[in-house]
Amino acid sequence: MTTLDPLRLTVLLIVLVSSFLASASSNSSARRICGTVISDEKLVASEKHFHANRVVVSNTFKSRNITSINVHVHVISKNTTLAGGNVPDSQIANQIAVMNKAYANASITWVLANTTRTVNTDWFNQVAPNTSQQKTMKKSLRVGDAKDLNVYFVGFTEGSGAGLLGYSTFPSDYASNPNDDGVVILYSSVPGGTMKPYNLGQTLTHEVGHWVGLYHTFQGGCNGHGDQISDTPSESYPAFGCPTGRDTCPGGGVDPIHNFMDYTDDSCMSQFTPRQIERLKSQLATYRSVVM
C-alpha cells in the first residue's frame, strides 16, 4: 500500500476541505427564482376581466368532487444522460405524486398522460420567457387544449433564463396565445434531483399554482394590489429558507412562509389556503372550462 508523506497528505486534505466548503457554499446560496412576473397594470386588467366574467363555483373548499387534469411532460435534454437533463420515468412519476399530495385539498388529481423526449442543446440551455427558443419549442411540442397541462423540463443554463427554477403562464393568457400555455421548470428540481434545497418537487407545485391562477404571496408587497387572497397575510418581499416568525408587513399576521406561492425551500412549503383554493377553482372554471 502506498503511503503519503505528511506534506502531500496536508495538501490533499486542504483540497478536499476546500471542495466541500465550496459545494456547501454553493448550495446555501441557492435562491428560488421564478420567471413568472406580472406588472401591476396587467394584474389590474386581468382582475377586472376575471371579475366581469367569473364562473362562481359554490362551496368550493368543502367540495370533494375530484377532477382529473392530464399532464403532458416534455423532457428537453442536451444528451441522453441524467446529468444532461434526461429525467428518468421514475422521477417524473414521483413528481406527479408530489403534485397530487399538494393539490389534494383542491380536489385535483394530476394524471400523467404522456412523456416526450427531445435532445436539443439550444432549447435546453436557452429557453426562457419571451425567447425564440421557447416559442419554437412550445409550438413543436405542446398538445391538448386549455384543460391540458404541458410541462417542459429544461436546463436554464444560459441567456436570460440562466438561474431560473421555472416559470408559467396564467389561465387568462390562454385565449390570446394558446401555443404559449404551460409550465417550464428546471429538470434537476424534481424529486431526487440535484438542485438542493429545491429538489423535493415543489417547484412544479409552485409554477402550476400560477397555471391555475394564483399569484406570489408577496405580489405588490405591503401596499400593492397583493395576491387577491384575503387569507394570505401581506408580505413585503419573498422569503428564502424557512424563516419562522418572519413578519415584513405590519398587521395581518406573520408572513405565509409555508405557502406554495412563496419562495421558501421545498421542505418549508406545505399549503394552499382555503381562499387560494376557492380562487384557483374559479380561475379553472372561467378560463380552462374545468368545473369542480
How many angstroms lie between atom [atom1] of [X] and atom [atom2] of [Y], to the nearest 0.5 angstrom?
X      : Y      : atom1 : atom2 : value
Gln133 : Thr131 : CD    : OG1   : 5.0 Å
Phe170 : Ile38  : CZ    : CD1   : 5.0 Å
Thr157 : Leu164 : OG1   : CG    : 11.0 Å
Gln202 : Leu165 : CD    : CG    : 12.5 Å

Ring-plane angle category for [X] and [Y], please: parallel below 30°, perpendicular beyond 60°, tilted otherwise.
X      : Y      : answer
Tyr287 : His49  : parallel
Tyr187 : Phe124 : tilted
His210 : His206 : perpendicular
Tyr263 : Phe240 : tilted
Phe272 : Tyr103 : tilted

Q. Hey, is the main chain of Ala146 close enough, under 3.5 Å, to the side chain of Arg288 for a donor-acceptor pair?
A.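 Here the side-chain-to-backbone pair exists.
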Q) Judged by atom type as modelled, is there a donor-acceptor pair below 3.5 Å linking the side chain of Arg117 to the main-chain atoms of Val119? A)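 It does not hold such a pair.
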Q. Of the non-hydrogen atoms in Asp255 and Asp247, which two are nearest, and what is the gap between them?
A.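 For Asp255 and Asp247, the tightest heavy-atom pair comes out as OD1-CA, 3.6 Å.
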Q. Is it true that the NZ or CZ of Arg32 lies under 6.0 Å from the centre of Phe260's six-membered ring and within 45 degrees of the ring axis?
A.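 No cation-pi geometry.
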Q. Less than 4.0 Å between a side-chain N and a carboxylate O, is that true for Asp173 and Lys42?
A.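 Judged by the 4.0 Å cut-off on N to carboxylate O distance, Lys42 and Asp173 do form a salt bridge.
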Q.
Which residue is it: Asn179, Asp181, Asp180, Asn177? I am looking for the one with a side-chain hydrogen bond (donor to acceptor under 3.5 Å, both in side chains) to Lys138.
A.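 The residue from Asn179, Asp181, Asp180, Asn177 that satisfies side-chain hydrogen bond (donor to acceptor under 3.5 Å, both in side chains) with Lys138 turns out to be Asp180.
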(Q) If hydrophobic clusters are built from ILVMFWY residues whose side chains come within less than 4.5 Å, do Met195 and Val208 share one? (A)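 Linked, Met195 and Val208 end up in one cluster.
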